[in-house]
Structure formats: structure tokens, C-alpha cells
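Report on one structure; see the data block that follows.
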Amino acid sequence: MIKTISWDRGTVVMIDQRTLPHEERYITCREYRDVIAAINNMTIRGAPAVGIAAAMGIALGVLNSSGEQIKEDFYRICDAFSRTRPTAVNLFWAIDRMKSRFEKEIASTTHTKVTAIKKALTEEALCIHEEDIRANRRMGVHGKRLIKDGDTILTHCNAGALATGGYGTALGVIRAAHEEGKKIHVLVDETRPLLQGARLTSWEMKNEGIPATLITDSMAGSFMKRGIVNLVIVGADRIAANGDVANKIGTYSLAVLARENGIPFYVVAPISTIDCSAKTGDEIPIEERKAEEVLEFHSTKIAPEGFKAYNPAFDVTPKRYITAIITEKGIVTTPFGKRIKDLI
Ligand code: MRU
């Protein structure tokens with residue numbers, strides 16, 4: 001199994017997702033700023049993976065703190081992580097988990113040792129990582145029931161081992177069905193502009209020997225209409241209390257096309273992706289990334305000099321297009337009512 005991220009004797013090691021699929025190289029973060037840079041420049045990406053990276057980055061920052069100002073350092077580092085990427089709520093969920101653990105340690109004794117706090121925060125980050133892998137495997141167990149032998153599954157972006165602590169959410173369900181011996185075929189959306197589908201999902205499918213074929217984003221509707229797609233499975237960056245889902249830009253179009261063609265549309269995500277403070281998807285902040293990502297392809301300009309481009313990294317799919325949400329606690333089918341909230 002791919003090691004997306006790991007804690008190695010006071011450093012954070014991660015596979016560099018920018019150079020995949022051509023080069024498998026790992027980077028070592030020795031201070032929390034290296035982890036912040038890795039999140040910002042997409043060395044590591046995907047909602048749960050970003051949360052785990054932040055937790056490990058916070059642990060790393062505190063580990064390197066002199067101790068006298070551990071409280072100030074801790075909150076300053078948490079703030080710095082919260083300014084990295086705004087849409088995936090797993091980031092803020094992980095920061096809150098680290099804060100709760102820090103506050104518990106501080107409160108536990110009047111003479112809490114700095115070394116004990118450092119150890120506790122490292123433990124918490126590792127625990128967040130392990131819990132995520134377990135949750136992914138549970139989602140796989142629940143979700144594989146929705147896949148039939150012979151199905152062709154369309155997926156968007158990368159919601160695999162690379163986007164999580166390991167195994168994956170949407171790709172975890174696909175993996176679990178494949179491991180069970182079901183004969184499936186995956187249609188991989190290339191996912192412009194950063195090509196997470198072409199570069200990362202294809203790489204994961206190839207490594208696992210799961211039959212898969214790459215298509216451009218604009219082909220999806222035609223394949224659905226021709227009866228080639230049996231179901232669509234995607235991940236999520238944030239799920240509002242009513243069941244609206246923010247995910248990689250292009251997800252909304254797929255959901256509408258799936259409805260038009262009578263194809264089930266499934267979202268797979270851990271509980272840490274649910275944000276009940278957002279009542280609907282309208283309250284989810286959407287990250288706007290640099291125009292160059294759209295205006296260039298592998299550093300080659302593809303539009304006239306000085307041309308403008310929009311680059312929202314995510315969109316919101318209204319709950320009415322979603323057939324079911326698969327979490328580690330089970331499958332919630334539409335209409336969701338209050339059942340999303342009840343999962344927390
Ligand atoms: O911009 P990215 O690559 O971080 O976007 C990733 C996605 O949109 C994924 O589908 C989502 O985070 C779910 S990952 C399990």
C-alpha cells in the first residue's frame with residue numbers, strides 16, 4: 001500500500017503528489033513551515049490527507065518549540081495551518097482535535113511537563129492518521145455492497161490512498177469491491193486543471209491492477225447517455241448538515257448528468273468531512289486558486305498572453321442529486337432529513 005504520509009522520528013515524510021505518476025519521490029518536512037508549504041503547493045492534497053498533514057505539522061511545530069512559549073507557539077502554529085486551504089473541513093476538524101488534546105494536557109496538572117505535551121500531541125496526530133485508515137476500510141465494507149459484478153464506475157478527481165491516510169474513500173469502496181473479486185471497470189475523469197484523475201487515480205488503479213480507462217471531463221455525459229456508466233462514486237471536501245456536498249470542481253455537473261441519465265450518484269467520506277455548522281452548501285467557502293493553473297498546461301501557456309481565467313477548485317452538489325452518502329458508520333440514503341447530523 002502507498003505511504004501517503006508518515007511520521008518518522010520527529011519528521012513528516014510524504015509522497016510528492018506533484019511529480020506522480022512519472023516520479024515516485026518523497027519529501028521530508030523537518031519543521032511545521034515545510035508542512036504548510038507542502039499543503040499550499042499540493043505536494044499533499046485531498047481532504048483527509050490535508051487534515052492528517054496539519055495534525056502532524058502541528059505536532060512537529062510544538063516538538064521544535066523551546067518550551068517556554070509552548071502555548072503561544074501552539075496557537076500560532078494552529079492559526080498558520082488554518083490559513084492554508086479553506087474548503088476541506090477535515091483540516092479544521094484536525095486542528096480542533098489537536099486543540100482539544102492540548103487543552104486537556106494543560107488542564108490535567110498544574111505542572112504539566114513540556115515533554116508530556118509534546119508526546120501527547122504526537123500521539124494525537126498518529127491517532128488521527130490511524131483512525132482515518134480504519135474509517136476508510138469501514139467505508140469500503142459498507143460501500144462495496146452498492147457495486148455489482150460487471151459494473152462500470154465513473155469517478156472524479158482522486159479520493160484514493162493518496163488523498164487520505166491510506167486506502168481511500170471513493171477509491172476505497174472501489175478497492176474493496178475489487179478485493180472481493182467483483183469484475184469492475186473504472187472510468188477516470190482526468191480532472192482539469194490539476195489532473196488529479198489522470199495523474200493520481202490512474203496511477204493508483206494501475207498499481208492495484210484495477211481495470212480502468214482515462215476520459216476527459218467533457219466525455220462523462222456522453223458515456224452516461226450511451227449506457228456505459230452504472231454508477232458514479234466521488235469523495236467530498238465538506239458535507240453540510242442538509243447533505244449538500246462540496247467536492248472537486250466538476251462534481252456538480254456529473255451529479256446533474258447522472259440524474260438526467262438515471263444513474264446512482266454516491267459520495268464517500270468520513271465523519272470528519274461533515275460540517276454541521278454549515279446548514280447548507282451555500283455556507284461552504286470555495287477555494288479560488290491561481291489563474292495560471294487554468295491558463296497553463298505543464299507550464300506551457302495555452303491561452304493568449306494576458307488572458308484571464310477563473311479557477312474555483314471546488315463546487316457544491318445540492319443534496320437532491322445525491323443517492324447516498326457512505327461513511328464509516330454506514331450508508332445514509334436520500335432523503336437525508338436529519339440523518340447527516342445524527343451521524344456526528
Ligand atoms: O484540490 P484537491 O486535490 O485537494 O481536491 C481533492 C478532492 O476534491 C477530493 O475529491 C476530496 O478531497 C476527497 S479525498 C478523499
Side-chain angles (χ1 to χ4, degrees), residues 2 4-5 14-18 20 38-54 84-94 129 131-133 135-140 143 154-175 188-204 217 232-239 245-255 265-275 281 284-290 293-294 311-317 322 325-328:
I2 312 153
T4 307
I5 183 163
M14 47 182 93
I15 191 164
D16 189 342
Q17 301 195 28
R18 297 167 305 173
L20 288 173
I39 294 173
N40 282 332
N41 68 24
M42 307 288 278
T43 297
I44 191 157
R45 33 63 52 199
V50 166
I52 295 160
T84 52
R85 299 193 69 192
T87 304
V89 77
N90 309 64
L91 169 73
F92 305 96
W93 174 89
H129 187 197
E131 278 175 23
D132 185 67
I133 300 173
N136 288 338
R137 290 203 172 264
R138 291 302 306 156
M139 286 177 243
L154 178 74
T155 191
H156 191 62
C157 194
N158 172 268
L162 289 168
T164 61
Y167 202 69
T169 57
L171 292 193
V173 168
I174 290 170
R175 263 195 179 95
V188 180
D189 257 3
E190 67 172 352
T191 319
R192 276 282 288 152
L194 292 183
L195 305 176
Q196 288 92 332
R199 297 185 302 104
L200 309 176
T201 297
S202 302
W203 185 74
E204 286 198 38
D217 300 332
V232 180
I233 308 188
V234 296
D237 285 83
R238 196 183 291 225
I239 302 175
V245 168
N247 191 47
K248 179 54 59 196
I249 190 82
T251 303
Y252 168 54
S253 321
L254 288 180
F265 186 89
Y266 298 114
V267 172
V268 191
I271 302 293
S272 55
T273 305
I274 299 173
D275 174 16
I284 299 176
I286 300 294
E287 175 182 5
E288 183 74 31
R289 295 184 60 84
K290 284 190 307 204
E293 290 178 354
V294 175
N311 191 11
F314 303 96
D315 60 26
V316 173
T317 300
I322 300 164
I325 297 177
I326 299 148
T327 74
E328 67 271 38

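Just follow the structure's listing: the first ligand is 1, and inside any ligand the first atom is 1. Along the sequence shown, the residues carry numbers beginning at 1.
- Closest protein heavy atom to atom 8 (O) of ligand 1: Asp237 OD1, 2.8 Å.
- In this structure, Met42 is part of the shell of residues with a heavy atom less than 4.0 angstrom from ligand 1.
- The residue among Pro48, Gly46, Ala236 with a heavy atom at the shortest distance from atom 13 (C) of ligand 1 is Ala236.
- Residue-level proximity to ligand 1 for Ala159 is carried by backbone and side chain together, each with a heavy atom below 4.0 angstrom.
- Between atom 15 (C) of ligand 1 and the options Thr169, Asn247, Leu162, the minimum heavy-atom separation is to Thr169.
- Nearest heavy-atom pair, Lys248 versus Ala313, reported as atom, atom and distance to 0.1 Å: NZ-O, 3.1 Å.
- The closest non-hydrogen atom to atom 3 (O) of ligand 1, taken over Glu287, Arg45, Gln17, comes from Arg45.
- Of the residues listed (Arg289, Lys290, Glu293, Glu287), the one engaging Asn311 in a side-chain hydrogen bond (donor to acceptor under 3.5 Å, both in side chains) is Glu293, and it is the only one.
- Contact of the Leu200 side chain with the Thr191 side chain is not registered, since no non-hydrogen atoms from C-beta on lie closer than 4.5 Å.
- Using a 4.0 Å heavy-atom cutoff, Arg85 is listed among the residues neighbouring ligand 1.
- Among protein heavy atoms, the minimum distance from atom 14 (S) of ligand 1 is reached at Ala163 CB, 3.5 Å.
- Salt-bridge formation is detected for the pair Arg238/Asp275: a Lys NZ or Arg NE/NH1/NH2 atom is positioned less than 4.0 Å from an Asp or Glu carboxylate oxygen.
- Scanning the protein for heavy atoms near atom 5 (O) of ligand 1, the closest one is Lys248 CE, 3.3 Å.
- Proximity of Thr164 to ligand 1, defined as any heavy-atom pair under 4.0 Å, is confined to the side chain (atoms from C-beta onward).
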